[in-house]
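What follows is one structure encoded as structure tokens, with my remarks underneath.
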Amino acid sequence: MPSGTGKTISLLSLIVAYQKAYPLEVTKLIYCSRTVPEIEKVVEELRKLMDFYTKETGEKNNFLALALSSRKNLCIHPEVSSLRFGKEVDGKCHSLTASYIRAERHSNPSQPVCRFYEEFDAVGRQVPIPPGIYNLDDLKEFGRRRGWCPYYLARYAILHANIVVYSYHYLLDPKIADLVSKELAKKSVVVFDEAHNIDNVCIDSMSVNITRRTLDRCQANVDTLQTTIRRIKETDAAKLQEEYRRLVEGLKETSAARETDIYMSNPILPDEVLQEAVPGNIRTAEHFVGFLKRFLEYLKARLRVHHVVQESSPQFLKDIFEKVCIDRKPLRFCAERLRSLLRTLEIADIADFSAITLISNFATLVSTYSKGFTLIIEPFEDRTPTIANPVLHFSCMDPSIAIKPVFERFQSVVITSGTLSPLDIYPRILDFHPVTMASFTMTLARTCLCPLIVGRGNDQVAMSSKFETREDFAVIRNYGNLLLELSAVVPDGIVAFFTSYVYMENIVASWYEQGILENIQRNKLIFIETQDAAETSVALEKYQEACENGRGAILLSVARGKVSEGIDFVHHFGRAVIMFGVPYVYTQSRILKARLEYLRDQYQIRENDFLTFDAMRHAAQCVGRAIRGKTDYGLMIFADKRYARADKRGKLPRWIQEHITDGSLNLTIDETMQLAKHFLRQMAQPFRREDQLGLSLLTLEQLQSEDMLQKISQIAQQA
Amino acid sequence: EVLKEDESGSLRATVEDILFQAKRKRVFESHGQVRLGMMRHLYVVIDLSRSMEDQDLKPNRLTSTLKLMEYFVDEYFDQNPISQIGIITTKNKRAERLTDLAGNPKKHTAALKKTVDSACMGEPSLYNALSIAMQTLKHMPGHTSREILVIFSSLTTCDPANIYDLIKTLKALKIRVSVIGLSAEVRVCTVLTRETGGSVQKEADGIMQMSCRLTYCDLLCSLAGSYSVILDESHYKELLMLHVRPPPASSSSECSLIRMGMSSFLGFPQHVITSVTDRDAKPSFSMSHLDSSSEDAGLTLGGYYCPSAGPSTRSCLSNVKSAGCVYYMGVCIIWVCVLYVRGGVCIIWVCVLYVRGGCVYYMYVGVCVLYVRGGVCIICTWGCVYYMYVGLTLVSAPHLARSFHHLFPLSAFEERPLEEHTGDRHVPKIHLTLKLLKGKERMG
């Protein structure tokens, strides 16, 4: 179902009702969404639900629900919040709020600290935040009123909140999850909304890419560490001694906590590590730095290759043992040991140490997991074989590793999305057994979506972005004609998606030469998405302006790009979406090949199945941009003859599939225009609330009527 | 188009179906007591851009549109005898006036005929067309309706400035804009029609209090400018003909040709007793004489006094030349004197009484304007008094006859299944019924 059809509110009302009925069994709802606007939308829906509860029951709402986002979105410190990038904000915040900075202030009052954090730290933890629904802005407002830091307030408040809404990185990315979500109660319900890409999020959160630049910065970090250690040794040797003692005792505390179920486990820090003490050869700070140096030199040597190397984790460990005598065991403790060292050394700006943290994470991962990961060293990029740019990809191929702790810890996990299709592939790639699986279609009072598969031009030349024909002059011209004709028929905004930036550039250049662009511009303005985020947002803004004032516009963008994932084209902003070609992922990439191989060996998923699945979910995501609600309408044009095949079509979400009739397969451009014209006229007829009544909108009487109840139970059985 | 089966075997609502349903809906939701503006000033904007050459209407959009427009102009003057129309065309980013606002259908039809040969090119400019129409319409008197009907074929508009500013101005001037789209729903037109009709929202609230028969939504729809997109030729004609019917008047429009001030408009006659000898006494009508059919229907001094009569009208009244009386459907219009006559327009002093069941209800006293056209004297629509929440519009007999079906629409036929019908299925005296119908048509 596309958004605006009530997915979120159905889920929320169901779970909240359960929470109200069994407050002891379900203590918390953790709702994970993808982007900040989506998070805010969820909270607004929740607010409506709670208002309804208050209205119907007359009781005052005693639920605490809040949204959590990064410091960048929550900071109210006048200087810090004005910074543009999330990393800068985090770094600056840390330099104002770190514990030793604040300790230093006692002796040196001129040391700047964040007054909001100070205030929160002084009183905020004792006074519980009053029940209510807090969106990001509400939190900021509340923080301003009380003079508390909203970010830390929210992070503290999620522990006893009834409903938490945040990005799913907070749960899946082990680095962040450890900080934020570790202590969330076991009796929680976790919802992953917009989860069609969840496997990629899992994989990204566990993968590490190391370039030569990373290593250089790492080198600098190691040098800083060394000098700091030397300095501290002269001034405060006891501190290092204390750390050493702690390390001998091992990480017992964490282990105890994990056993008693207080913490969620962290996939980077596997259970076995907790049982043992940190090995002797990296226990003292100097030894550890020496160890890091050796490791770094080894990596540098590995990056000095002239051909592509691909090996598994055990191979890598064997090699490192032979070359520089680094054992597996100390490597596993690397991440934890570094964290401890950074704490001991009281280094304020953690952001600077991102490089060395990355390397240590890599060390831990590579030594922990012998399966599910692969290591690829590429001396240059495929497109520029002459420029040396060595990259070490340590890539996760098994998304289940990252999501496993979530499944293990929480009693119910719901995975949902508008474009989760085909359903059965998700349990396989995420390696879990679903309790129930259901795909719902939507009830529409009128057929407000019109998927058309255009396979041929008017000259009968097949249209396809297939590799063999993508340079074909006739194909490009036909694509151009399709867009041209559509621009004369579709009002306001059209969004066109290409399979990649390179392909888009080629096509647009060729259209320019053929004069097609000029003709299109007579009908509508053209905007192009680029890889530059700032440029794209300007283009988007102008695009919307052109749609708003009747000029009409076309936005050329790329599947898998920024536009295809997060941006909605409501009503007139997207009356038609064209998908030029099938958005297959770049298949020559070695990481992808390795992953496909892994999927085939471990989960018996054929390469082709996975590739098609991936392409179709992105295509569905792109065309789904057009319809954002029941009153919205839009054309969905799949411009590739391959979409007509059953294996492709069958992988589209059910709500799109249902509207693809035999009459909308393999059309020529002319036929498409006829259908489009008819559809747009039909949709322009007045559509009022009463028309929906009884079909997609029910009054209470209608809902309670015998017929409707029967119908609902029927649907439930089918699902 | 007829009912057809699509590939999946389900029946698709055809254009015919949609038309029929819309018609039924209109009948069922007749607006009862909504006041209709009878005196209209309408500018029709015709898009002559490149897209008019599209052949989805036969032979092409332009020819089809112009033909329908000719028909529309005739119908328009037939149903709105005292209204005016003007035509504006827009192409090539420019807009120009084809005909000025005028009441002669021949002139417009001739101009339309000439346009058939003109070439369609470039893009239309909604902004320019609307601002030309606005320049003329804003000088039209407030008691008449100011309307623009845009026939928009293109999907884009090329504007020299921000059209949203213009929409605001139009809204302030109470100009109602309706759009008929020939291809698809364009956002800017949606906003345009919604906004320019938006000023009537308050008024809708007002009317709601008076008549609970209407649903608020319908009312709002009927008052706002309409935006519709055609499905095919017959639907096009249907949509165009909807604009022949006078739109509901907005009460914010002034109700009189002669501005008498708000207090006088709402002022209800007061009973004043004066002696005949008093020179300053205001003339008024004596109720006691109403029943007597004598020529001078009891014009006396004293009695009921209407606050609207200013000193100038009073002095005019002193030389009363003639007085007459018209009864129509229980409404008695008494004209007392002629104040002013020039070029077919005459302003008279009238009194309107409503007689029912032996009781006389006082409806209105004031100045009224007569238009003389083609030998028929038309009392123009201009005043009404909300008395007991009944709005009465003053109309002349012929005008009333012509617009009778607008004002008092037939109540909707009740649909009943054939099975329930018990009596004879044949209509016995079909010839007679037909004759009657014909007679009615001639009247209409």
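The chains referred to below are lettered A, B, ... by the order of the sequence lines, with proteins before strands, and numbering in each begins at 1.
B:F152 pairs by the ring-ring contact (aromatic ring centres under 6.0 Å, His included) definition with nothing, not counting sequence neighbours. Not counting sequence neighbours, the partners of A:Y643 by the ring-ring contact (aromatic ring centres under 6.0 Å, His included) test are A:F638.
Atom CZ of A:R551 is separated from atom CG of B:L155 by 11.0 Å, given to the nearest 0.5 angstrom. Here the CZ atom belonging to B:R187 is positioned 8.0 Å from the NE2 atom belonging to A:H571, to the nearest 0.5 angstrom.
Heavy atoms of A:R522 lying under 4.5 Å from chain B belong to its backbone as well as its side chain. For A:A546, no part sits under 4.5 Å from any heavy atom of chain B, backbone or side chain. Only the side chain of A:Y633 comes within contact range of chain B, judged by heavy atoms closer than 4.5 Å.
For A:Q521, the CD atom is densely surrounded, since the number of other residues' heavy atoms within 6.0 Å is greater than 12. Atom NZ of B:K67 is surrounded by 12 or fewer heavy atoms from other residues, nucleotides or ligands within 6.0 Å. By the neighbour-count criterion of 12 heavy atoms within 6.0 Å, atom CD of A:E518 is sparsely surrounded, having that number or fewer from other residues, nucleotides or ligands. For B:R94, the CZ atom sits in a loose shell: 12 or fewer heavy atoms of surrounding residues, nucleotides or ligands are nearer than 6.0 Å. Applying the 6.0 Å contact sphere to NZ of A:K55 captures no more than 12 heavy atoms from other residues, nucleotides or ligands. Summarising the local packing, NZ of B:K93 is surrounded by 12 or fewer heavy atoms from other residues, nucleotides or ligands at distances under 6.0 Å. Environment of OH in A:Y512: sparse, with no more than 12 heavy atoms of neighbouring residues, nucleotides or ligands closer than 6.0 Å.
Within the 4.5 Å cutoff, side-chain heavy atoms of A:Q685 are placed close to those of B:L231. Annotation: side chain of A:R681 is in contact with side chain of B:D56 (closest heavy-atom distance under 4.5 Å).
Chain A is approached within less than 4.5 Å, heavy atom to heavy atom, by B:E123 from residues 123-132 of chain B, ordered by number. Residues of residues 44-55 of chain B lying within less than 4.5 angstrom of chain A, judged on heavy atoms, are B:R50, B:D54 in numerical order.
Note: B:I230 leads B:D159, B:I230, B:I163 in heavy-atom pairs under 4.5 Å with chain A. With respect to chain A, the highest number of heavy-atom pairs below 4.5 Å among B:V191, B:V186, B:T190 belongs to B:V186.
Residues A:N523 and B:T156 approach most closely at O-CG2, 2.7 Å, considering heavy atoms.
Remark: the backbone N or O of A:E548 is paired with a side-chain donor or acceptor of B:Y164 at under 3.5 angstrom.
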